[in-house]
Q: 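Structure provided below as structure tokens; questions to follow.
Counting from 1, the numbers follow the sequence of the chain as shown.
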Amino acid sequence: ALRLSEQMMEVAQTKFGIRNAGVLLVANLTATIYLQLGRWQDAESLLRPLLDHDDPIYGDLSQQYISKMMLGQALLGQQKFAEAEPWLLDGFQGLPENRWRVPPCFPLYDHYGNPIALDRCESPSRIAEAIKQVVDFYRAWHEAQPDAGYDAKVESWRVKLDDEIGFWEN
């Protein structure tokens with residue numbers, strides 16, 4: 001799956017350039033695989049050029065927010081906590097306001113009907129999954145720097161997670 005995704009990314013960038021909504025979608029797929037493999041630097045070098053600008057050139061902003069969250073995860077995997085935080089938080093901030101445009105969590109299947117673990121969430125929505133990622137981020141930062149007060153951020157984000165899960169249960 002990774003090799004195919006990398007080939008798709010190369011073709012998309014060649015055909016459409018780096019700043020294109022379709023390229024971003026393929027980049028998100030490729031970055032998801034990199035993150036699952038623990039290839040943090042590969043995910044960062046793929047996503048950063050697509051996101052290091054301010055103008056919203058992408059038609060589907062939810063994909064841009066997801067990309068920002070993934071860049072934050074890539075930086076977290078490299079223990080770059082201070083650099084990861086604004087990407088994670090900026091990515092998260094755009095998701096709730098676009099709640100109904102954010103794709104749901106669901107497993108992808110190959111043409112034989114076998115699940116492919118590329119788009120699997122443990123929570124009832126991508127937004128809940130994004131909040132869980134922020135909770136996990138602050139938990140990791142707290143473990144790395146126990147006296148810095150990140151445990152309070154863990155708890156405040158856990159409340160947001162409970163609220164989001166409650167949204168889907170009601």
Q: Kindly compute the distance separating CG (Leu46) from CG (Leu71), expressed to the nearest 0.5 Å.
A: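 These two atoms lie 10.0 Å from each other.
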Q: CD of Glu83: more than 12 outside heavy atoms within 6.0 angstrom?
A: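 More than 12 within 6.0 Å, yes.
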Q: What I'd like to find out is whether the side chain of Leu24 reaches to under 4.5 Å of the side chain of Gln64, using heavy atoms alone.
A: yes
Q: I'd like to know whether Ile127 forms a side chain to side chain contact (heavy atoms under 4.5 Å, CB included) with Phe92, so could you lay out the CA-CA distance, the side-chain angles of the two residues, the decisive distance to 0.1 Å, and finally the verdict.
A: CA-CA 8 Å; Ile127 295 170; Phe92 170 77; 4.2 Å; yes
Q: Mind checking what makes salt bridge (charged side-chain N to carboxylate O under 4.0 Å, His left out) contact with Arg158, not counting sequence neighbours?
A: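 Residues passing salt bridge (charged side-chain N to carboxylate O under 4.0 Å, His left out) with Arg158: none at all.
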Q: Atom CD of Glu155 and atom CG of Leu161: how far apart are they, to the nearest 0.5 Å?
A: 11.0 Å
Q: Where is the tightest heavy-atom contact between Leu47 and Ala31, given as atom of each residue plus distance?
A: CD1-CB, 3.7 Å
Q: Counting neighbours of CD on Gln79 that are heavy atoms of other residues, nucleotides or ligands and sit closer than 6.0 Å, is the number greater than 12?
A: yes
Q: Could you pull out all residues at least two apart from Lys160 that satisfy salt bridge (charged side-chain N to carboxylate O under 4.0 Å, His left out)?
A: none
Q: Can you name the nearest heavy-atom pair linking Ala12 to Val23, along with the distance?
A: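 Looking at all heavy atoms of both residues, the closest pair is O-CG2, 3.5 Å.
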Q: If I take atom CE from residue Met69 and atom CD from residue Gln93, how far apart are they, to the nearest 0.5 angstrom?
A: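 Reported value, rounded in 0.5 Å steps: 10.0 Å.
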Q: Using side-chain hydrogen bond (donor to acceptor under 3.5 Å, both in side chains) as the criterion, list what pairs up with Asp42, not counting sequence neighbours.
A: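 Once residues adjacent in sequence are excluded, the partners of Asp42 under the side-chain hydrogen bond (donor to acceptor under 3.5 Å, both in side chains) criterion are Arg39.
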Q: Show your working on ring-ring contact (aromatic ring centres under 6.0 Å, His included) between Trp157 and Tyr150 and close with a plain yes or no.
A: CA-CA 11 Å; Trp157 280 91; Tyr150 294 109; over 10 Å; no
Q: Counting distance only, does the side-chain N/O of Thr30 pair as donor-acceptor with the main-chain N or O of Val26 below 3.5 Å?
A: yes
Q: With sequence neighbours excluded, what pairs up with Gln13 under the side-chain hydrogen bond (donor to acceptor under 3.5 Å, both in side chains) test?
A: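 So Gln13 forms no side-chain hydrogen bond (donor to acceptor under 3.5 Å, both in side chains) with any residue.
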Q: State the CE-CG distance between Met9 and Leu4, to the nearest 0.5 angstrom.
A: 13.5 Å
Q: Consider only side-chain heavy atoms of I, L, V, M, F, W and Y, link residues closer than 4.5 Å, and tell whether Leu25 and Leu35 are in one cluster.
A: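 No, no single cluster joins them.
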Q: Checking Asp162 now: which residues fulfil salt bridge (charged side-chain N to carboxylate O under 4.0 Å, His left out) with it, not counting sequence neighbours?
A: none
Q: Would you check, one step at a time, whether the test salt bridge (Lys or Arg N to Asp or Glu O under 4.0 Å) holds for Glu164 with Lys132?
A: CA-CA 10 Å; Glu164 177 64 21; Lys132 183 181 176 304; over 6 Å; no
Q: Can you tell me how far apart CD (Glu85) and CG (Leu75) are? Round to the nearest 0.5 Å.
A: 12.0 Å
Q: Between atom OG of Ser67 and atom CG of Leu51, what is the distance when rounded to the nearest 0.5 Å?
A: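 Going from OG on Ser67 over to CG on Leu51, the span is 5.0 Å.
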Q: Do Ile131 and Val159 sit in the same hydrophobic cluster, where Ile, Leu, Val, Met, Phe, Trp and Tyr count as joined when their side-chain heavy atoms come under 4.5 Å apart?
A: no
Q: Mind listing the closest non-hydrogen atom pair of Ile33 and Ser5 along with its distance?
A: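 Looking at all heavy atoms of both residues, the closest pair is CD1-CB, 3.9 Å.
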Q: Just by distance, no angles: are the side chains of Tyr34 and Glu6 close enough, under 3.5 Å, to form a donor-acceptor pair?
A: yes
Q: Starting from Leu29, can I reach Val11 by hopping between I/L/V/M/F/W/Y residues whose side chains sit under 4.5 Å apart?
A: no
Q: side-chain hydrogen bond (donor to acceptor under 3.5 Å, both in side chains) with Glu44: which residues, sequence neighbours excluded?
A: Arg48, Gln78
Q: Do Trp141 and Gln145 make a side-chain contact, defined as non-hydrogen atoms from C-beta onward lying under 4.5 Å apart?
A: yes
Q: When the ring centroid of Phe137 is compared with that of Trp87, is the distance short of 6.0 Å?
A: no
